[in-house]
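Shown next, in structure tokens, is the structure this report addresses.
Counting convention: from 1, in listed order, for ligands and their atoms alike.
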Amino acid sequence: MTPDNAVAVTVHPAWLPDAALAPLRAQPSAVLGAGPCLDRVRSELRSGGRGPAPAEARLVVAPVEAVASPSSVGLDALPEVPAGGHAIVRTADRTVLLGADGPATLRGLYALAREEAVGRMLGRDAAPGTTTSAPEQPLRMLDHWDNMTVHPVMGQIERGYAGGSIFYADGEVRADLGRVRDYARLLAATGVEAVGINNVNVHAHEARLLTDGLGDVARIADVFRAFGIRIFLSVSFGSPRVLGGLETADPLDPAVASWWASTADRVYAAVPDFGGFLIKADSEGQPGPFAYGRSHADGANMLAAALRPHGGTVLWRAFVYDHHQDWRDRTTDRARASYDHFAPLDGTFADNVVLQVKHGPMDFQVREPLSPVLAAMPRTRLAIELQVTQEYTGQQRHVCYLAPAWREYLRFPLDGSRAVASIVGGSGASSPAGGVAAVSNVGDDAFWTGHPLAQANLYAFGRLAWDSTLTAEHVLDEWIALTFAGAGLDDLARIRAVLHEVMDGSWARYEGYTAPLGVGFMVDPGTHGGPSVDGYEYSRWGTYHFADRDGIGVDRTVATGTGFAGQFPSPWRETYESVDTCPDELLLFFHHVPYSHVLRSGKTVIQHIYDSRAEAVEGLDGVEAAWDSLADLVGGAVPAAFDARVRERLEVQRASAVEWRDQVRSYFWRKSGVKDASGRVVY
Ligand code: GCV
């Protein structure tokens, strides 16, 4: 019989190969408690019921409520188990893992496997004693921009770079949800607890998941439930018209509210632990309350009322802006839009509404300031939205390990004192809790993420949502230790060194050869791949760099520009307002400066543009050489297919990076007429 967590041979096991669970499976274990997640614990441990009594087992795993007394699990006293988390007690002869509930116990089991793997890699034995772990964020969610059908422009997964959807094929929910089960398992091991299963751009066919498709939605929910993960549906605000035959979707119309209430009743009849609705309204063509002269709070609260009897949540996206701008009009600033729409609504959203705010004010660029909305709504539950799928960060063809970026965002003291992680997590002050959401990077590709190394981003998202104080390097160590758990220690040490060399600096490197100093975009408006320096310059989307013969950048100051800098609380509004204090990496986001402007690094803007594009590409030599140095491990510790895919992508990355370098350097030479002082070739 095939073990029920086995993956097809062609699918890479990512961070849960058998070898990662082997040390736990080798110990005589006892599992207490009942429920789908405890069944999963038993199946992970291969404990078929004939194991030792709990008091004699080497490993005891249980939700705390299932433990009758400390002595029944061989302990003198039971530890405090934090809400949503777990405690691990290690004595000389046993390990006892206690979870707050079934899902937390399962997550704890994966945490134990992780600790074993990292300890093995680093040669560190776990010390006796008690450790506890609790999630920093209540909401830890991955959003899928998956369509059921293949969209003529966007493909099946909007901004997806890893093949088709694991949920849908040929316009239907897949009959075989085996990949979904394996995915749920991977997510549970990172701490993710919620998944949005369809694109926020809700097309006509997918809209029906909410009604006709509920049986299939329930099948997906069943798969995730076994891993302690709730599901959400993206819904169209226009559903009462599109699906319900009403003439309006006006949130204040009683017939509309009643349609949503009875629809929610049917959803919960099919999926009792359904998470709620994720909604993109009045954004990029999606319907919303503005059409009826209503506010976003009116819209969100009406949906919240429909979900409230069932304990559901509305995740309302704050990504609202005018995408029909005129490039000639310098007064409209897309960066301002989200704050202008939402900050005045603080305190008016129902308590089962979470406002989901992209990390930056624009759109997941490789460098943006934090969104000031995150500091402007202390009486609203907020979630920061990150992007694991690499829409603007190399499309899973370039190595771009994003944990350093996410950690920077989550630890940034945006309201002057508290880190963003605390603001959204609701700790340390009166703000109510929201959490962290991100757009997934997974498809039906054999490596899940197209680029095998992009798996580390998916892993890191869950881990940083759990604990944003973890360093990016540590999270990478965890991913390496688990993913290569089957490697001998010497090989593992080499793999570890190489992957740090390839990945630690990859976000900075990607930024180095693409759009400079926070100015953003410079990509093709359709695919969002680059380079296309003027791709958006005369478009309607509000994303401009304003380069001319004298200078570049967007004046977003209060004094002379769009005023966006003034949306930040102190000290950031002053920091960004002044060209003297604005960090170099954000200079062109906030200021239009001459090419001769001297950065705090001591270089002029133009020389920085020239040098950093070239140096970033030169940095790829080291990356490629590092990967090459593992050649003798290929077919052994490094699977041949993994190596082949990485090599293929490194080649594509180099070609693309060279194109970025040469086009950006040539563009600015032609605009400015200023020579590159380094003497490198400019075309
Ligand atoms: C799902 C960007 C992307 C769109 C995406 C949108 C969003 O604009 O390019 O594909 O739509 O963000 O976040 O809603």
Side-chain angles (χ1 to χ4, degrees), residues 141-162 165 167-168 195-207 209 232-238 277-288 290 296 299 315-325 334-335 337-338 341-342 354-366 368 371 373-374 383-396 436-443 461 514-515 520-530 532 535-536 539-544:
M141 174 159 172
L142 279 163
D143 296 346
H144 281 263
W145 289 353
D146 293 28
N147 300 314
M148 299 177 78
T149 51
V150 178
H151 188 268
V153 181
M154 291 297 170
Q156 189 175 18
I157 303 182
E158 184 154 347
R159 312 307 177 188
Y161 309 101
S165 170
F167 298 104
Y168 315 106
V195 167
I197 63 168
N198 61 311
N199 190 359
V200 290
N201 289 330
V202 185
H203 306 297
H205 186 68
E206 290 76 6
L209 283 171
F232 284 70
L233 272 182
S234 294
V235 296
S236 166
F237 198 77
F277 299 145
L278 168 62
I279 187 149
K280 171 177 179 177
D282 290 317
S283 172
E284 299 184 332
Q286 294 298 305
F290 285 164
H296 278 235
L315 301 176
W316 190 273
R317 294 179 84 228
F319 182 62
V320 178
Y321 69 101
D322 174 8
H323 69 290
H324 286 106
Q325 262 174 250
R334 174 169 163 179
S338 191
H341 285 300
F342 287 96
V354 172
L355 190 65
Q356 187 164 307
V357 185
K358 285 192 182 185
H359 66 77
M362 296 297 272
D363 193 8
F364 299 135
Q365 297 306 290
V366 69
E368 296 186 42
S371 169
V373 176
L374 293 164
I384 185 172
E385 183 176 312
L386 307 172
Q387 198 180 41
V388 189
T389 194
Q390 290 172 238
E391 176 177 1
Y392 295 102
T393 51
Q395 305 198 340
Q396 281 138 252
V436 184
V439 187
S440 178
N441 63 349
V442 154
F461 166 72
T514 56
F521 291 91
M522 299 192 170
V523 292
D524 172 76
T527 63
H528 290 176
S532 179
Y536 270 99
S539 79
R540 304 168 307 156
W541 297 90
T543 52
Y544 311 117

Check: Tyr392 ring centroid to Phe521 ring centroid under 6.0 Å: yes
Atoms in ligand 1 with a heavy atom of His528 nearer than 4.0 Å: 9 (O)
Point-to-point distance, once rounded to the nearest 0.5 Å, from CZ of Phe167 to CG of Asp146: 6.0 Å
Any donor-acceptor N or O pair under 3.5 Å, side chains His296, Asp282: yes
Aromatic plane relationship, His323 with Tyr321 - under 30° parallel, 30 to 60° tilted, over 60° perpendicular: perpendicular
Check: Phe290 ring centre within less than 6.0 Å of His341 ring centre: yes
Residues Glu391 and Gln387: side-chain donor-acceptor under 3.5 angstrom: yes
Ligand 1 N/O within reach of Tyr321 N/O, cut-off under 3.5 Å: no
Numbered atoms and elements of ligand 1 in range of Glu158, under 4.0 angstrom, heavy atoms: 1 (C), 4 (C), 5 (C), 10 (O), 11 (O)
Minimum non-hydrogen distance to atom 9 (O) of ligand 1, winning option of Glu391, Lys358, Arg317, Glu385: Glu391
Heavy-atom side-chain proximity of Phe364 to Thr389 below 4.5 angstrom: no
Nearest protein heavy atom with distance in Å, relative to atom 6 (C) of ligand 1: Glu284 OE1, 3.3 Å
Identity and distance of the protein heavy atom lying nearest atom 1 (C) of ligand 1: Asn201 ND2, 3.3 Å
Best match, Arg159, Lys280, His323: closest heavy atom to atom 14 (O) of ligand 1: Lys280
Contact atoms of ligand 1, heavy-atom distance to Phe319 under 4.0 Å: 6 (C), 7 (C), 8 (O), 12 (O), 13 (O), 14 (O)
Asp363: numbered ligand 1 atoms lying under 4.0 Å from its heavy atoms: 2 (C), 8 (O), 12 (O)
